[in-house]
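Just below is one structure, and these are the notes that go with it.
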Amino acid sequence: MAEPVTGFSKKTKAEKIDWLAKTYLNNNPEALRTLQKYWNEDLKLQKLHDDFIENTVSNYYLPFGVAPNFLINGKLFALPMVIEESSVVAAASNAAKFWLQRGGFKAQVLSTQKNGQVHVDYFGKEQDIVSFFAEVKPKLIAGISTIQKNMKKRGGGLVDIELISKTEALNGYYQLHCTFETLDAMGANFINSCLEQIAKDFEAEADSYAPFMAQNAFPEIVMSILSNYVPECLVKAEVSCPVEKLAQKDISGATFAQKFVRAIHIAKTEPRRAVTHNKGIMNGIDALILATGNDFRAVEAGIHAYASKDGKYTSLTNAKIEEGIFTFSIEIPLALGTVGGLTNLHPLVKFAFDLLQNPNAKQLMEIVAVAGLAQNFAAIRSLVTTGIQKGHMKMHLMNILNQLEASETEKKKAVAHFNDNTVSHSAVISFLDKTRA
Ligand code: MEV
């Protein structure tokens with residue numbers, strides 16, 4: 001059985017690996033070779049990656065793909081996408097091409113405010129904390145002047161602080177609800193630094209506030225942290241065209257549009273479908289979020305919360321047919337950065353931004369929303385016509401062939417064969433058996 005290790009983070013990379021090898025890997029040289037295979041020869045680049053997190057022992061690759069032909073607000077983009085799922089980039093490219101011939105995507109940022117809370121415990125008279133807050137609010141704002149100096153210069157910074165009583169939901173619970181404009185930064189560090197300073201000043205001022213002293217009830221800070229729920233930082237993307245322009249190989253425009261809208265209504269109504277529906281949207285969104293070095297966990301958490309904002313988890317996209325026009329849209333909250341964080345550090349993130357023509361945060365919000373909408377369009381289009389597996393398994397074929405260690409010639413033969421045959425794991429095995437025999 002393994003023993004606990006002390007001072008692990010202080011060990012060198014070689015010592016860490018040595019400890020892992022001895023403790024968990026039976027000193028298996030193959031395991032070590034695997035780790036080493038992914039080290040970068042460029043030592044400076046490797047050091048950069050080592051320093052992103054603690055205890056780095058290797059690098060973990062994901063494919064960096066590109067989906068071209070995205071016409072967004074009249075401008076053509078090739079979207080950088082980092083993802084492991086075989087069919088995602090192909091589906092995005094398909095949707096981009098489809099809408100390229102039908103007017104492209106329109107996207108628009110609706111709002112850009114972020115927020116965070118100082119969570120406060122207070123069990124005294126409500127009127128006293130209300131009066132106290134009114135009195136100290138200017139001091140709280142002044143207290144963060146150094147932190148927000150640069151952000152203010154650029155036109156951002158703290159927008160407001162409100163005292164909100166949450167005592168009906170939780171006894172003694174108040175918030176300092178703070179709103180921020182963080183421009184091109186995602187703003188997590190900026191917001192958290194502001195909140196912690198506000199909390200400190202709030203508590204210090206409270207210590208000498210006579211009405212609190214008189215009742216010996218002082219507000220106490222529980223914690224201060226930004227919220228990843230950003231319903232005031234919203235973006236909308238949309239496609240639309242006359243219904244007849246949706247006609248495809250085996251289906252009329254009208255039938256396709258009706259089936260499509262019905263599929264959206266089902267995802268609107270049924271949470272079990274909505275989760276998968278939205279997962280498909282996130283395939284596109286996360287791939288771009290990863291490629292641009294943004295925080296996909298924050299984006300995921302915020303978007304799913306938004307999908308439940310009316311008390312029931314529902315579809316993030318909407319579709320309708322009105323006066324012969326099919327419209328398909330998405331509205332999502334997105335707190336993204338095009339400066340700060342990994343954006344200035346990771347060479348591939350820098351490449352992704354160059355590829356996107358160096359958008360600002362608002363433009364990136366628009367592009368990401370479009371990626372989500374496009375991905376959903378591709379999924380629903382397949383689901384209501386051919387079914388998802390045809391395209392999905394076609395893209396997955398190469399993974400199966402690699403898993404079965406097929407040669408390049410076998411792969412070529414398999415791709416030709418499965419052009420008109422259904423791909424499944426067993427079908428590929430039997431095809432290879434036959435070819436090899
Ligand atoms: C697969 O990654 C995503 C889909 O399941 C999305 C959907 O069902 O809408 C195809």
Side-chain angles (χ1 to χ4, degrees), residues 62-68 70 72-73 77-96 99 105-112 114 186 188 228-231 233-239 264 267 274-309 313-319 328-338 341-343 348-349 352-353 355-356 359 361-381:
L62 282 177
F64 184 118
V66 173
F70 270 89
I72 305 175
N73 294 340
F77 290 90
L79 304 193
M81 300 182 87
V82 171
I83 190 142
E84 90 299 343
E85 192 175 327
S86 344
S87 54
V88 169
V89 176
S93 306
N94 248 314
W99 285 104
F105 296 83
K106 307 270 178 300
Q108 188 193 359
V109 169
L110 305 176
S111 52
T112 57
K114 289 148 192 174
M186 188 254 188
N228 289 127
Y229 186 48
V230 286
C233 192
L234 279 184
V235 57
K236 186 176 174 173
E238 186 178 288
V239 283
I264 302 296
V275 171
T276 319
H277 177 96
N278 290 346
K279 185 273 181 189
I281 293 172
M282 299 315 291
N283 279 343
I285 293 180
D286 281 342
L288 250 157
I289 296 295
L290 274 169
T292 56
N294 273 279
D295 181 343
F296 65 91
R297 287 85 56 213
V299 167
E300 283 274 351
I303 289 185
H304 292 297
Y306 193 71
S308 337
K309 71 177 187 325
Y313 191 89
T314 187
S315 160
L316 292 160
T317 49
N318 291 297
F328 178 46
S329 64
I330 188 168
E331 188 184 283
I332 42 168
L334 276 175
L336 302 181
T338 53
L342 270 199
T343 53
L348 276 174
V349 169
F353 278 116
L355 192 65
L356 291 172
K362 278 186 178 175
Q363 289 161 333
L364 185 61
M365 284 168 78
E366 292 172 352
I367 295 168
V368 170
V370 164
L373 186 69
Q375 208 69 45
N376 191 224
F377 179 80
I380 304 298
R381 181 185 180 195

For this session: Please assess His277 against Ile380 for the test side-chain contact (heavy atoms from CB on, under 4.5 Å), listing each intermediate value before the final yes or no.
Result: CA-CA 8 Å; His277 177 96; Ile380 304 298; 3.7 Å; yes
When rounded to the nearest 0.5 angstrom, what is the spacing between [atom1] in [X] and [atom2] in [Y]?
X      : Y      : atom1 : atom2 : result
Thr317 : Gln375 : OG1   : CD    : 12.5 Å
Glu300 : Asn278 : CD    : CG    : 9.5 Å
Asn376 : Met282 : CG    : CE    : 11.5 Å
His304 : Ile332 : NE2   : CD1   : 10.5 Å
Phe105 : Phe377 : CZ    : CZ    : 8.0 Å
Ile285 : Asn294 : CD1   : CG    : 12.0 Å

Are any non-hydrogen side-chain atoms of [X] and [Y] less than 4.5 angstrom apart?
X      : Y      : result
Leu356 : Ile367 : yes
Leu336 : Thr292 : no
Leu334 : Ile303 : yes

Nearest heavy-atom pair of [X] and [Y]: which atoms, and what distance?
X      : Y      : answer
Ala352 : Pro80  : CB-CG, 3.8 Å
Thr338 : Pro359 : CG2-O, 3.4 Å
Ala96  : Pro68  : CB-O, 3.5 Å
Leu316 : Ala307 : CD2-CB, 3.8 Å
Leu348 : Phe64  : O-CE1, 3.7 Å
Lys362 : Thr112 : CE-CG2, 3.7 Å

Problem set entry | Audit row: Asp286, Ile83, side-chain contact (heavy atoms from CB on, under 4.5 Å) steps and yes/no | CA-CA 8 Å; Asp286 281 342; Ile83 190 142; 5.6 Å; no
Exercise. Relative to the ring of Tyr229, is the ring of Tyr306 parallel (under 30°), tilted (30 to 60°) or perpendicular (over 60°)?
Worked result: tilted
For this session: Please check if the side chain of Asn73 supplies one atom and the backbone of Ala107 the other of a donor-acceptor pair under 3.5 Å.
Result: yes
